[in-house]
Amino acid sequence: MPTPGISHLIPSIEFAKRLALHPNFHITCFLLTTMEEHNSPLPPPKKAILDSLPNSIHTVFLSPVNFDDLSEDSVSEFKLTLTITRSLSSLKKELESHSFSAFIADPFGFEALELAKGLKIPSFVFFFTNAMALALFLYLPKLDSELPDSVRFMKDLPDPIRLPGCVPLSGKDMIEPLQDRESRIYKSFFEISKGLYLADGIIINSFWEMESEAMKALEANEKVPRVFSVGPIVQAGLSDVAESECLTWLDEKPRGSVLYVSFGSGGTLSSDQMNELALGLEMSGQNFLWVVRKPDNKSSNGAYLKESSDQSQKNDAFDFLPNGFLERTRERGLVVQSWVPQVQVLAHDSTGGFLTHCGWSSILESIVNGVPFIVWPLFAEQKMNAVMLVDGLHVALRPKKNENNIVERDEISRVVKVVMEKSCEEGMEIGKCMNELKDNAIKALGEDGSSTKAFSELAFMLRNNSNSS
């Protein structure tokens with residue numbers, strides 16, 4: 001049971017597909033929905049994902065929940081957890097009506113895990129991101145007890161946060177909902193932490209070779225449930241995009257010459273920041289493919305957890321871009337609206353770099369294709385992911401912001417040239433480390449790879465649950 005949001009649905013569905021490849025597994029995906037979504041057609045991206053499911057996986061939409069009693073400014077994370085709470089009665093009826101050998105939910109579904117355990121169904125967590133984020137969730141209560149009481153906001157911490165086996169993390173790079181220690185969301189993460197310890201196993205979308213020290217630290221803690229690192233699990237490319245404009249455009253560019261720029265399904269920039277990004281891309285002199293959304297001066301994550309719609313983003317004039325930008329860059333830049341077939345773009349020979357918001361699915365899709373990063377995190381756990389990529393794995397650059405929290409055009413041009421031209425020692429080192437990481441990802445998924453073995457052990461454990469029941 002994935003929680004709402006396309007960024008949660010995709011890895012959960014891809015995990016289910018991988019599990020279904022093992023003999024004698026039949027999988028039911030419980031999908032949460034709101035009344036608003038229930039009364040509207042499925043967004044095309046979500047429909048395409050569900051239509052791709054094999055016969056061994058079927059979906060059940062739980063009874064839609066209503067948010068009419070909430071204010072319009074209720075935060076996304078609160079609505080996410082409330083969607084689960086208000087779906088529990090519907091889920092309970094479904095779980096009682098069939099004989100399930102295991103129940104798997106993502107970490108925000110801790111109440112659903114407790115429900116399943118109460119019904120004597122073995123319960124697992126599919127943690128759709130990495131071991132570093134898992135360590136934060138697991139150790140948050142202990143971490144909080146060690147912080148000075150005088151510090152309310154994580155960004156004000158004087159010293160780095162040191163999670164076992166992980167690269168040091170500054171307070172300002174803490175997960176966005178955890179910045180305010182007195183907030184309702186912060187306290188709810190303590191409940192998630194307790195739920196993780198109750199699970200019979202935790203499945204993460206990462207691989208041993210990428211986070212070996214963090215994995216060793218988790219294994220050394222006897223209180224932590226068994227962790228199965230089964231990644232990288234990434235979305236397969238869609239079969240109906242052969243005529244995509246951007247792929248045709250990429251075909252005409254030299255190998256490794258194009259910077260792909262995308263802030264995911266929900267990321268937005270302010271008008272000032274978008275202006276600087278455009279002019280920085282122009283100054284760099286590099287080829288670029290840029291997925292653009294209309295700027296949002298109120299929030300950098302206004303669309304987070306919402307289903308994106310190509311139609312809602314249409315603005316053929318691109319009147320929010322600098323005057324003359326499209327004309328001046330038309331020979332080496334392509335600006336597109338809202339969506340591109342990202343899996344195919346990152347796999348294309350012409351793509352040589354990825355300016356990304358650091359969503360975990362996007363990171364893994366880039367790693368399996370050996371495409372180095374420029375990291376531009378916006379919300380959720382993305383700043384943590386950026387720290388891992390820059391300081392831990394050395395496969396990325398992170399542009400510096402000025403005193404007004406803006407990345408200026410000169411800085412953008414600089415990092416783009418370093419990553420794309422690879423003419424300096426820093427750029428060459430990033431390319432070398434990324435190639436090594438790509439090779440390790442391929443090995444992890446090989447016949448005797450670490451993730452393949454972990455998946456087999458997980459499948460064996462689930463079969464034993466089925467046989468014992």
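Residue numbers count from 1 along this sequence.
Crowding of Lys253 atom NZ: a count of heavy atoms from other residues, nucleotides or ligands under 6.0 Å exceeding 12. The local environment of CG in Asn402 is crowded, with over 12 non-hydrogen atoms from other residues, nucleotides or ligands closer than 6.0 Å. No more than 12 heavy-atom neighbours from other residues, nucleotides or ligands sit within 6.0 angstrom of CD on Glu425. Taking a 6.0 Å sphere around NZ of Lys187, one finds it holds more than 12 heavy atoms contributed by other residues, nucleotides or ligands. Counting heavy-atom neighbours within 6.0 Å of Glu36 CD, excluding the residue itself, gives a total of 12 or less.
The distance from the CG atom of Leu250 to the CG atom of Leu289 is 5.5 Å, given to the nearest 0.5 Å. Taken to the nearest 0.5 Å, the CD atom of Glu176 stands 4.5 Å off from the NZ atom of Lys383. Rounding to the nearest 0.5 angstrom, the gap separating the CZ atom in Phe126 from the CG atom in Asp106 is 9.0 Å. In this structure, the separation between CG on Leu364 and CG on Asn385 is 9.0 Å, given to the nearest 0.5 Å. The OG1 atom of Thr248 sits 7.5 Å away from atom CD of Glu252, with the distance rounded to the nearest 0.5 Å. Within the model, atoms OG of Ser87 and CG of Leu82 stand 9.0 Å from one another, a figure rounded to the nearest 0.5 Å.
Leu169 has its side chain out of reach of Met154: every pair of non-hydrogen atoms, C-beta onward, lies at least 4.5 Å apart. Put simply, the side chain of Leu19 reaches to within 4.5 Å of the side chain of Phe455, judged on heavy atoms. Val335 has its side chain within reach of Phe288: a pair of non-hydrogen atoms, C-beta onward, lies under 4.5 Å apart. Counting only heavy atoms from C-beta outward, the side chains of Ser183 and Ser188 never approach each other to under 4.5 Å. For the pair Trp290 and Leu321, the minimum side-chain heavy-atom distance is below 4.5 Å. Using a 4.5 Å heavy-atom cutoff, the side chains of Ile6 and Ile49 are in contact. With contacts defined as side-chain heavy-atom distances shorter than 4.5 Å, the pair Asn287/Pro254 qualifies. At a threshold of 4.5 Å between non-hydrogen side-chain atoms, the residues Asp173 and Met384 do not count as touching.
Ring planes of Phe127 and Phe137: perpendicular class, angle over 60° (limits at 30 and 60°). Note: Phe189 and Phe108 have perpendicular aromatic rings, judged against thresholds of 30 and 60 degrees for the angle between ring planes.
Ile13 approaches Cys29 most closely through the heavy-atom pair CD1-SG, 4.0 Å. Contact between Gly171 and Leu157 at its shortest, heavy atoms only, is CA-CD1, 4.5 Å. Nearest heavy atoms, Gly431 versus Lys422: CA-CE, 4.3 Å. The minimum heavy-atom distance linking Pro372 with Ile430 is given by the pair CB-CG2, 3.7 Å. Closest approach of Ala217 to Gly165, counting heavy atoms only: CB-N, 4.1 Å. Residue Val418 comes nearest to Cys424 through the heavy atom pair CG1-SG, 3.8 Å, listed as atom of the first residue, atom of the second, then distance.
Counting only distance, with no hydrogens or angles, the side chain of Glu37 and the backbone of Thr34 share a donor-acceptor pair below 3.5 Å. In terms of modelled atom types and a separation under 3.5 Å, the side chain of Glu276 and the main chain of Arg409 share a donor-acceptor contact. Here the side chain of Asn404 pairs no donor or acceptor atom with the backbone of Ile406 at under 3.5 angstrom. With hydrogens and angles ignored, the 3.5 Å screen pairs no side-chain donor or acceptor of Asn369 with any backbone N or O of Val371. In this structure, the side chain of Asp156 does not engage the main chain of Val151 through any donor-acceptor pair within 3.5 Å. For Gln382 (side chain) and Phe379 (main-chain N/O), a donor-acceptor pair under 3.5 Å exists by modelled atom type. In this structure, the side chain of Glu365 does not engage the main chain of Val234 through any donor-acceptor pair within 3.5 Å. Side-chain atoms of Asp144 do not come within 3.5 Å of backbone N or O of Leu140 as any donor-acceptor pair. Checked by atom type and distance alone, the side chain of Arg255 never pairs as donor or acceptor with a backbone atom of Gly352 at under 3.5 Å. Not a single donor-acceptor pair under 3.5 Å links the side chain of Ser366 to the backbone N or O of Ile363.
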Next item on the list: Would you sort out whether Gln342 and Ser262 count as a side-chain contact (heavy atoms from CB on, under 4.5 Å), showing the intermediate values?
Entry: CA-CA 9 Å; Gln342 178 166 291; Ser262 174; 4.0 Å; yes
Item checked: Residue pair Glu14, Arg18: steps toward the salt bridge (charged side-chain N to carboxylate O under 4.0 Å, His left out) verdict -> CA-CA 6 Å; Glu14 294 301 324; Arg18 285 271 300 275; over 6 Å; no
Margin query: Pair Thr81, Glu111 - check side-chain contact (heavy atoms from CB on, under 4.5 Å), show working.
Written below: CA-CA 9 Å; Thr81 54; Glu111 290 179 299; 5.7 Å; no
Check: Stepwise, does the side-chain contact (heavy atoms from CB on, under 4.5 Å) test hold for Val291 with Tyr260?
Finding: CA-CA 8 Å; Val291 185; Tyr260 171 51; 3.7 Å; yes
Margin query: Is there a ring-ring contact (aromatic ring centres under 6.0 Å, His included) between Trp360 and Phe128? Walk through the geometry before answering.
Written below: CA-CA 8 Å; Trp360 190 243; Phe128 45 85; over 10 Å; no
Margin query: Does Met174 form a side-chain contact (heavy atoms from CB on, under 4.5 Å) with Leu136? I'd like the steps, not just the answer.
Written below: CA-CA 9 Å; Met174 174 66 83; Leu136 174 61; 3.5 Å; yes
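Side-chain polar atoms of Ser361 and Gln235 form no donor-acceptor pair below 3.5 angstrom. Counting only N and O atoms by type, the side chains of Gln286 and Glu421 include a donor and acceptor under 3.5 Å apart. A donor-acceptor contact under 3.5 angstrom links the side chains of His348 and Asp251, judged on distance only. Judged by distance alone, the side chains of Thr329 and Glu282 never bring a donor and an acceptor atom under 3.5 Å apart. The closest side-chain donor-acceptor pair between His8 and Thr3 falls under 3.5 angstrom.
For Lys401 and Glu411, the salt-bridge test fails: no basic side-chain N is under 4.0 Å from an acidic carboxylate O.
For the pair Lys142 and Tyr139, the NZ or CZ position fails the cation-pi test of under 6.0 Å to the six-membered ring centre and within 45 degrees of the ring normal.
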